[in-house]
Structure formats: structure tokens, C-alpha cells
2 protein chains.
Amino acid sequence: MGPMNPAAATTPDLSTGPSSPVQEAWALLRNLLFIERRRFLSAAAEYDLHPAQAGALMQLERDEGLPMHEIASLLACDSSNVTGIVDRLEARGLVTRRVSERDRRVKQIVPTELGLEVRDALRARMAQVPEGLGLLSAGDQRLLRDLLARALAASA
Amino acid sequence: MGPMNPAAATTPDLSTGPSSPVQEAWALLRNLLFIERRRFLSAAAEYDLHPAQAGALMQLERDEGLPMHEIASLLACDSSNVTGIVDRLEARGLVTRRVSERDRRVKQIVPTELGLEVRDALRARMAQVPEGLGLLSAGDQRLLRDLLARALAASA
DNA sequence: TATTGTTATACTCTATAACTATA
DNA sequence: TATAGTTATAGAGTATAACAATA
């Protein structure tokens, strides 16, 4: 067991729900994220990819190698896992390993043409706008985009 | 390999990015989701819980049993997995199994006091509002909440 | 010395299928 | 007959530690 957060034990009614507008907004967003997770899992399953494999493949760009340790960083996992993940993607002809010219320790992972097709299909599935957002008026949609752009620009 | 989507192969520039405001809004939200996933993983790891264990624990309510097949549905996994996940939560004293009085096939999973403490700590971590949202003006925060409430109400 | 990727190990998650007990 | 949960099995993800190659 990890360290317990003392504050959590003494703060009552954490499950009662959010109170401030921004907390309510964040709670709504987490609902959306929860739904989105399921869509990602089913999209990956449709192409017989495990979530980690799909996640790695979706990061790759045409004609650009991505070092394995960067994939590990994006997937938030240890580098040793990437070996197996890339092994399986490579065995299915979706990616290739290419030794970096600048640093011969590094292996660049490059998508094949087949890999790019699957990647694009996955990206297209995830790019589909959730029903609720699509039902907003055009004005509200622009408003939402502008708010989010402002929020993410502020944190960058 | 799953079935290939013919449309994906013939649609150019899927990686060029979104075009309409709502597509842009959705792309921004997916960035937020990506960050959120990492926060969930590190919160679970802090309490020595695997993601599935943390996900299950976070769904439980005090004095309310949750049937194992409902946990499977929430986690989007097969029921057979829930046996092991609950086994490990139970071995650590975080939950208990209780045979349902109405249907003796069903086992209700109930959090212990320790389980509730860990659950609350996890929920508190996930309830923390991302930096960018917190930096919005009070008016923008209300606007964002209202927009999202409208969007999710429309899809329900 | 530090970093990149690999291997070995142990544990967990995952789906499938077969089983039981209950309904 | 159908459903809830378990078990067995096989394949994959995960972290840790030790290692070789390279920087």
C-alpha cells in the first residue's frame, strides 16, 4: 500500500460531488473521458490491437522515426515494455525498426504503409465527435472551442 | 488483423488536423484526456493499485454493494477478470464479498473503511481541476460548465 | 559515467471456454 | 434455459533488475 493521504480521511463528503462551476465543468468532462476510453478500447479491438499497441501506432508519423524511449514516455510505461510492443507491431508488418544515424544506440520506429492505414483508421475513429458536442448550436461549438483553446493555452 | 476501413485509405490528410470548430474543440478535449490518463495511472500507482483495481474501487459506494457483473460492465472487461481483481482488493482488505439476499447467484462487492479511505484519496486526486481550466476567468468557467451540461444533456 | 534497448523474472490483466450454482 | 461467478488456459502488458552496446 502506498502512503495514505491524511487530508482525504478528514475531508468529508468527497463523494457528494463538486460545488464550484469549474469543478462541475471538470466532472462533466470526466464523464466524457470515461465514455471516450471505451471507444478507444473498441477501436483498438476492432483492429486486433491491444490498447498499448494502438496507442503506440497512433503516435507515429509518416517518414519520421520515433525512438523507443520516446514511445515509452508517451505511453507512460517502462522502456522494457516497448521492446515487446514493437516486436508485435513489427511481426504484423505495421512498423519497422531503423537504427538512428546520429546515435547508434537509438532505434527509430517507422510505420509501414499498412501501419499508416491502420493508424489513420484508428485516428479517424477517435476524431469522431461525441454525439452531445455535435448537437450543440454552431455558436456554442465555436464558444466551446475558444474556451478550451484559451484554457490549454494558459496551461502551456 | 481486423477489417480495414476503406474510407480511411482514401481520405487524405487525416493527420493534418481538424477543420470545423466542433472538431477543433474535440481535439482539444482529447489532449486533456491524454493528460488525465497519466494522472490516473500515477494516482493508482501511488496506492499500489493496478489501473483496473483502482477503477473498480473508485466505483464503489458506502453501504452499497455493487454486483461483480456490473463492475465488469463498468470496466468494459469480461466477468472472469473481475474475480481476480476483486480477489486482490479483498486480500488487501479494501473490499468484501457479500452474497445478495435477493439473488444468491450475485455477489455484492462492498468497500471496507480502509477501502473507502483509498477510494476517497483516488477520487480527490482525479477531482483536481487541470491547471488550464483553473486559470479561466470565473465567467468563462461558468460558461464552460453550462456548455458541457447542455452537450451532455442533449446526448442523454 | 550515463543512456538506449534488450533480456529475464514475476505479477497482473485480458478474452475464451467450460464449469457450478442459482434463477 | 439463462445468468452470476469461478476456474483453467494462453497471450499480452507491466515494473524491476541486470546486461551489452554506445555515447
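Just so we're on the same page: letters track the sequence lines, and every chain starts at 1. A quick note: this is a predicted structure, and the numbers were derived from the prediction, not measured.
Distances shown here put a side-chain N or O of A/Arg88 below 4.0 Å from the OP1 or OP2 atom of D/dG13. The phosphate of C/dT3 has neither OP1 nor OP2 within less than 4.0 Å of any side-chain N or O from A/Arg102. In this structure, A/Arg104 reaches the D/dT22 phosphate: one of its side-chain N or O atoms is under 4.0 Å from OP1 or OP2.
When each of D/dG13, C/dT12, C/dT7 is scored by its nearest atom to the side-chain atoms of A/His50, the top-ranked nucleotide is D/dG13. The nucleotide whose nearest atom lies closest to any side-chain atom of B/Pro67 is, among D/dG5, C/dT22, C/dT7, D/dG5. Closest to the A/Gln53 side chain, of the nucleotides D/dA12, C/dA15, C/dT6, is D/dA12. Relative to the side chain of B/Arg105, the nucleotides C/dT4, C/dA21, D/dG5 differ in distance, and C/dA21 lies closest.
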Apply salt bridge (Lys or Arg N to Asp or Glu O under 4.0 Å) to B/Glu24 and A/Arg142, showing your working.
CA-CA 9 Å; B/Glu24 291 177 9; A/Arg142 278 192 298 272; over 6 Å; no
Full working for salt bridge (Lys or Arg N to Asp or Glu O under 4.0 Å) between B/Arg123 and B/Glu61:
CA-CA 12 Å; B/Arg123 285 187 178 177; B/Glu61 299 300 334; 2.8 Å; yes
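Backbone-only engagement by A/Asp103 is indicated by non-hydrogen atom pairs under 4.0 Å involving sugar-phosphate atoms exclusively.
Of the two residues contacting DNA chain D, namely A/Glu101 and B/Ser80, the nearest-nucleotide position lying further toward the 5' end is that of B/Ser80. Position along DNA chain D of the nearest nucleotide to B/Lys107 versus A/Gly84 favours B/Lys107 as the more 5'-ward residue.
Rounding to whole angstrom units, CE of residue A/Met68 and P of C/dT3 are separated by 18 Å. In this structure, B/Asn81 atom CG and D/dT9 atom C1' are separated by 13 Å, rounded to whole Å. For the pair A/Asp87 CG and C/dT6 P, the interatomic distance rounds to 7 Å; values are reported in whole Å. Straight-line distance from the CD atom of A/Gln108 to the P atom of C/dG5: 8 Å, rounded to whole Å.
Checked for salt-bridge contact, A/Asp48 and A/Arg88 miss the test: no charged N lies under 4.0 Å from a carboxylate O.
Residues A/Arg38 and A/Leu41 have side chains not in contact (no heavy-atom distance under 4.5 Å, counting atoms from C-beta outward).
Counted by atom type alone, B/Ser19 and B/Gln23 present one or more donor-acceptor pairs between their side chains at under 3.5 Å.
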